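The structure that follows is given in the form of structure tokens.
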Amino acid sequence: MDDYQTCPKCKTTKYRNPAMVLMVNACGHALCESCVELLFAKGSGACPECKCPLRRNNFRVQLFEDPAVDKEVDIRKRILKEFNKRQEDFPTLREYNDYLEEVETIIFNLVFDIDPTNTNKMIDNYKKENKDITQKNRNRQSQEEMELEELLEAEKAQQCEKANLYVNAELEEKKQKHKAREKLIDELMFSDADAKSIVASHVQATSALAKEQPKAAAQPSSGVVKSSKFSSGIQIGLRGQHTNSFLPIPKQEDLPLYRYTAPVFDYDGPPPPPIEKLGKLNYFANIRAANITERAGGYTEAMSCCRALQEALGGLFYSPQLTHKTAVLATNPSTQDTDDMETT
Amino acid sequence: MLELKRALDAKGHCLLEMPSGTGKTTTLLSLIVAYMKAHPLDLTKLVYCSRTVPEIEKVMEELRKLMNYYEKEMGMEQNILGLALSSRKNLCIHPSVSKEREGKVVDGRCYSLTASFVRARHAADDAVPICEFYEGFDAHGKEFPLPPGVYNLDDLKEYGQTKRWCPYFLARHTIIHANIVVYSYHYLLDPKIAEVVSKEISKSSVVVFDEAHNIDNVCIDSMSVKITKRLLDKCSNSITILETTISNMKENDSKRLEKEYKRLVEGLRDATIARETDMALVNPVLPSEILEEAVPGTIRTAEHFVAFLKRVVEYIKTRLRVQHVVQESPAGFLRDIHTKVCIDRKPLRFTAERLASLIRTLEISDLTDFSPLVTVSHFATLVSTYTKGFTIIIEPFEDRAPTVSNPILYFSCLDSSIAIKPVFNRFQTVVITSGTLSPLDMYPKILDFHPVIMTSFTMTLARPCILPMIVSKGNDQVAMSSRYETREDTAVIRNYGNLLVEVAAAVPDGIVCFFTSYLYLETIVSSWYDQGIIDQLQRHKLLFIETQDAAETSLALINYIKACDNGRGAVLLSVARGKVSEGIDFDHHLGRAVLMFGIPYVYTQSRILRARLEYLRDQFQIRENDFLTFDAMRHAAQCLGRCMRGKTDYGIMVLADKRFSRADKRSKLPKWIQEHLKDTNCNLSTEECVQICKRWLRQMAQPFSREDQLGISLLTLEQLQSEEMQKKILQRAQGV
């Protein structure tokens, strides 16, 4: 990973040595702490990158990822100590803004070493000219800062108040507990009732109070079992290995659904007329009609008639040589015959 | 309608709760249109805000019906112009740009084709590509307004195709003189967009927020900023791009930078700001007196500003390097940034504005890379502008994965009234409406406004077509509840399972179940799997589960609908506050029953929520518990409302938690549900619940024709004019 901080001298990274601390000096080049100790053992030396002379005392811990920003902030703090005019010191906003820009340019020049002689001259000039104001402003806070301070103060006060509220609530609770205890002792001392019952009622009362407080203790889940997981990490399919679950409901075998198919009979003869048609074909003329008692049981004359016809026609084509296939073929032309037979 | 008319007359805001599927949209549209016709001076415009594109289309459909009716009855062309507006992504007709999928990319490419400097360059050099549709619109479209009529998104596109005009800019331009504008919430609530799109809408307009039960969250989201480590890294990249572009420009064309500089020195606001295409970047809400001021000198030149940005980004980076959670107020943040990197509050406030100006000057046409930097600049501006109502929370890792370092800075808005306040102040009437707004009194408090009318309507129904029930215990008399202490209890989970199995056996077609969170859903399903309940359930219906993955969920939904359509029947397990609970309707056979397992409280350990609760308590005197219950109940009601989308529809609503039967929860349900929730149905066991279901379903399964509704929930003209009905209406009007 290249986004780890690296010391340019010894190439140690933050990843390999988490304790590594980078330091920067006025030139804005970083070095790790151990390199600083090694190179600047004498107290002063040259920066390994830009060769500018540095003192060991001036090394500070690097705050930002980009050491250039550290350098800039450093210079900025120094400059702003001197250039601390406020908006109140200028007659118009425009002049104030011009001033701000000038300051910004000075800082910019210092950071990037543009035209150092002129810049330093400018700073010196300014220092001379504005000594009084600088001195005065150092002790004065700007309006904005004051506003912020005020806000922070108010926030703090509010927090204090809230904290007090909580503390008071807690105290109240403690007091109540204490009271309950004293009451129990009093009762034990002076009441005529059975001591056991008094203690029992007291325990009940306190437990009722305690119940109101929410308990916060989640059950730790049992050991990790290999299984498929949800996105949240909850596992499914712990069947049989889950220690605190009860027996699963026995799974019923899912049988295939029942489907009705009409039975196919092989009469081996001309097909008998279907039972519904018997009445139309006038078969009932030849048989006895079912009487009331027979019909009560669900019997109709069609049934026996149908059975009789099936028996009569079944097996008419039977011959040991014929294969089944030809028998089936033979049934078709024979329908004509059966019709004739029926009419006779 | 009566209430609405009163609100319009009083020129005040109103809050209306109307059950879904009872013609809410039509009612609102027809009355407001009629009002506009009757009092053209008092009321000039209707702005209808909805949530999603399909909802916008639905509104347009209703409006078209209404206009057709007007035409038929009045016999002449209506002089009313209604139009829908959506993002460039939905409206672009440029042959290659419109192929892009992502909204941001479309915006960026559109900008690179239509920005004023690109067009200026094109004038000099024909090789620079521009958008012919925008050119067409710019050349001709501005003089000829859209003819009156109703235009939805497709109509606009078609019109644009025939005229070769850009539909997006046409719609944006037409907003000014259109009578009815339908668009998304964000165009009005998000200060970054509202400034651009909705600036010109006059005060004498009516604003309707439909489906507004979540409006406070929308407000908060629009003002909150989330900054991650990756975002900051991208920012550093874009800063380097800025640096190189500036140095290039200095060498080649230093005039332009000088010009910008001069303008800033003069304190003049950007003259180009009036150009519509350049407004891809706008600062969030700033008090206007600040905007009039000149940009402070510290960030006036381009180099200084880039160095300034660098310092801001580096500073935030150091802040993200924390080991434990930090919560801070904006004031504390400002002081810290001052001491650490010497940045004052004032230049910070101008960051967003200055960045926009710089990008425009540099003529960077590809804006997509700069969105992280823009986010940071918005953050800088917001943090220095508002000291109240916001909090900064820096979390070094997520709660779920405490070992993975993933620092995030949340700049979270705590006060939903900040974003919506300009809307309330600017327009004479704001109507907030939804199927589920109960309890009504909470909204004025959290949005900080004073409605003149606040009512909850019920439905007049020819038959009891909803059956709300509170099931509090299983057949073994163990109480059912999703309370934290009992949610791991196998007995409770089994009871929930049995309830679902038995309901699934009794109810035909689709059943939708809502759980309180994804975590809870997954725990329960894994437990049901162990207990064999899933097997039992699958004997009756197919099972579908919503997950956090949007694609997976939509696939599950499609198959759920398929299973319901072909009669197999299905159960959908989903999560309150999830995708399914918001905006997907389960009408008729798609949702014959809704089961709500537990009360959908939010995750109360979240620091952002804690901060918001604290703020609400301190500022608005809303107790934490009240707000949590309110929030839970509105989501529960939202879930229950999914199954009921019209008068001919019917559905069972089962609230499976003991706590629902308490008065404080029950009274927070919408009136139209409460009306049907009988006392006898408030403390049922599973068995009793199934018995009631069966009886009710048999009753509902009877043929239901138009004639049955006539005279009760549907009136003919004669019936409406009958004396008896008139008396009733009069009574109602005086009663409220």
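Quick caveat, the model's predicted, so the values are computed rather than measured. A note on names: the letters A, B, ... follow the listed sequences, proteins ahead of strands, and every chain is numbered from 1.
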**Study point:** Minimum side-chain heavy-atom gap A:E101-B:T301 below 4.5 Å
**Key:**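 The answer is yes; the side chains approach within 4.5 Å.
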
**Study point:** B:R321 versus chain A, the contacting section by heavy-atom distance below 4.5 Å
**Key:**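 Answer is side chain: those atoms of B:R321 sit under 4.5 Å from chain A.
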
Point to revise | Heavy-atom pair of closest approach, residues B:R311 and A:V69 | key: CG-CG1, 3.9 Å

Practice item. Answer with side chain, backbone, both or neither: which region of A:F64 has an atom nearer than 4.5 Å to a non-hydrogen atom of chain B? Key: both

Check your understanding: How about A:L152 and B:S329: do any of their side-chain heavy atoms sit closer than 4.5 Å?
Key ->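 When only atoms from C-beta onward are counted, B:S329 and A:L152 do touch, with a gap below 4.5 Å.
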
Practice item. Please state whether the side chain, the backbone, both or neither of B:E614 comes within less than 4.5 Å of a heavy atom of chain A. Key: side chain

**Study point:** Leading residue by heavy atom contact count with chain B [cutoff under 4.5 Å; candidates A:T105, A:L80, A:V111, A:I107]
**Key:**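 Sorted descending by pairs with chain B, the first entry is A:T105.
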
Point to revise | Choice from A:L100, A:N97, A:V103 maximising heavy atom contacts with chain B below 4.5 Å | key: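 Most heavy-atom pairs under 4.5 Å with chain B: A:N97.
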
Check your understanding: Is any side-chain heavy atom of B:K340 closer than 4.5 Å to a side-chain heavy atom of A:V73?
Key -> no

**Study point:** Reported CD1-to-CZ distance for the pair B:I343 and A:R76, which is rounded to 0.5 angstrom
**Key:**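 CZ of A:R76 is found 7.5 Å from CD1 of B:I343.
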
Review point. Contact part of B:D549 toward chain A, heavy-atom cut-off under 4.5 Å: side chain, backbone, both or neither?
Key: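 Neither part; nothing is under 4.5 Å.
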
Review point. What do the steps show when you test A:E150 against B:R335 for salt bridge (Lys or Arg N to Asp or Glu O under 4.0 Å), and what is the final call?
Key: CA-CA 11 Å; A:E150 250 169 55; B:R335 197 176 60 171; over 6 Å; no

Exercise for review: Under 4.5 Å heavy-atom distance to chain A, tell me which part of B:R617 shows up: side chain, backbone, both or neither.
Suggested key: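 Answer is side chain: those atoms of B:R617 sit under 4.5 Å from chain A.
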
Review point. At a heavy-atom separation under 4.5 Å, does B:T339 approach chain A through its side chain, its backbone, both, or neither?
Key: backbone

Point to revise | Electrostatic pair B:R300-A:E102, nearest N-O below 4.0 angstrom | key: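 Salt bridge between B:R300 and A:E102, a charged N being under 4.0 Å from a carboxylate O: no.
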
Review point. Tell me, do B:K310 and A:E72 make a side-chain contact under 4.5 Å, heavy atoms counted?
Key: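 No, every pair of side-chain atoms sits at 4.5 Å or beyond.
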
**Study point:** Heavy-atom closest pair, residues A:L93 and B:K346
**Key:**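 Minimum heavy-atom contact is CD1-NZ, 3.8 Å.
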
Review point. If you draw a 6.0 Å radius around CD in A:E49, do more than 12 non-hydrogen atoms from other residues or ligands fall strictly inside?
Key: yes

**Study point:** B:R623 atom CZ, over 12 foreign heavy atoms within 6.0 Å
**Key:**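 Counting other residues, nucleotides and ligands, CZ of B:R623 stays at 12 neighbours or fewer.
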
